[in-house]
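Report on the following structure.
We number each residue from 1, following the sequence as shown.
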Amino acid sequence: MTAMPRFEPKNPDYRAVATETFARQRAMQTLGISIARIEPGEVDLAMPYAPEYSQQNGFVHAGIITAGLDNACGIAAFTLMPEGSDILTVEFKTNLLAPACGERFVFRGVVVKPGRTLTVCDGRAYAVQDGVETLVATMSGTLMALQRREG
């Protein structure tokens, strides 16, 4: 198995800008999702379990898991974009591998291939129970850099 490549951010303030962009996403606030770790081309997001996020069997709803993965991929891609950029998801595919049940959830996004306009990322969602992580979903996503609009 080969190690993931290390990327150099184009914006030296990538951490502050990515954190501020994440903070403007009210959907993430509503879901209680926060940034746990951020590096160039990589991010871990964390979310506590809440019964309000569950589907009829008590598992966290696939839409919630997908939202966390999409955001992890987006912020990972955003860390490598130049100053003045914004980001938008243009495509993703999610594989749901196991029921999402745990005390908390971790969403890991990693850049596979950064590009001038399009960046490809992989995401993995883990349910954490008693300190043990179980892979519950994966995502392959494509994100687009665009010029930031004020307002």
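Distance alone, capped at 3.5 Å, is enough to place a donor-acceptor pair between the Q29 side chain and the A23 backbone.
Look at R148 and E20 and you find a salt bridge, because one of the NZ, NE, NH1 or NH2 atoms lies within 4.0 Å of a carboxylate O, short of that distance. At a threshold of 4.0 Å, the pair K10-E83 does not count as salt-bridged, since none of the basic side-chain nitrogens sits closer than that to a carboxylate oxygen.
Counting non-hydrogen atoms of neighbouring residues, nucleotides and ligands closer than 6.0 angstrom, the CZ atom of R15 exceeds 12 such neighbours. Residue R124 qualifies as open at atom CZ: its count of foreign heavy atoms under 6.0 Å is 12 or below.
Here the CD1-CG distance, from I75 to D44, works out to 13.0 Å after rounding to the nearest 0.5 Å. Atom CD1 in I65 sits 10.5 Å away from atom CD in Q55 (nearest 0.5 Å).
When V110, L143, V112 are each tested for a side chain to side chain contact (heavy atoms under 4.5 Å, CB included) with C121, only one passes: L143.
Of all non-hydrogen atoms in A18 and I38, the two that sit nearest each other are CB-CD1, 3.6 Å. Contact between L146 and L88 at its shortest, heavy atoms only, is CD2-CB, 3.6 Å. In terms of heavy-atom proximity, F92 sits nearest to T66 at CE1-CG2, 3.5 Å. The heavy-atom pair separating A125 from F107 by the smallest distance is CB-CD2, 3.8 Å. Closest of all the heavy-atom pairs between T79 and E39 is OG1-O, 3.7 Å.
Within the 4.5 Å cutoff, no side-chain heavy atoms of V106 are placed close to those of L45. Contact check for R116 versus M81: no side-chain heavy atoms found under the 4.5 Å cut-off. L118 has its side chain out of reach of K113: every pair of non-hydrogen atoms, C-beta onward, lies at least 4.5 Å apart. By the 4.5 Å heavy-atom criterion applied to side chains, F105 and Y49 are counted as neighbours. Using a 4.5 Å heavy-atom threshold, the side chains of L97 and V136 count as separate.
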Handout entry: side chain to side chain donor-acceptor pair (under 3.5 Å) between D86 and Q147, worked out
Key = CA-CA 6 Å; D86 212 335; Q147 189 66 36; over 6 Å; no

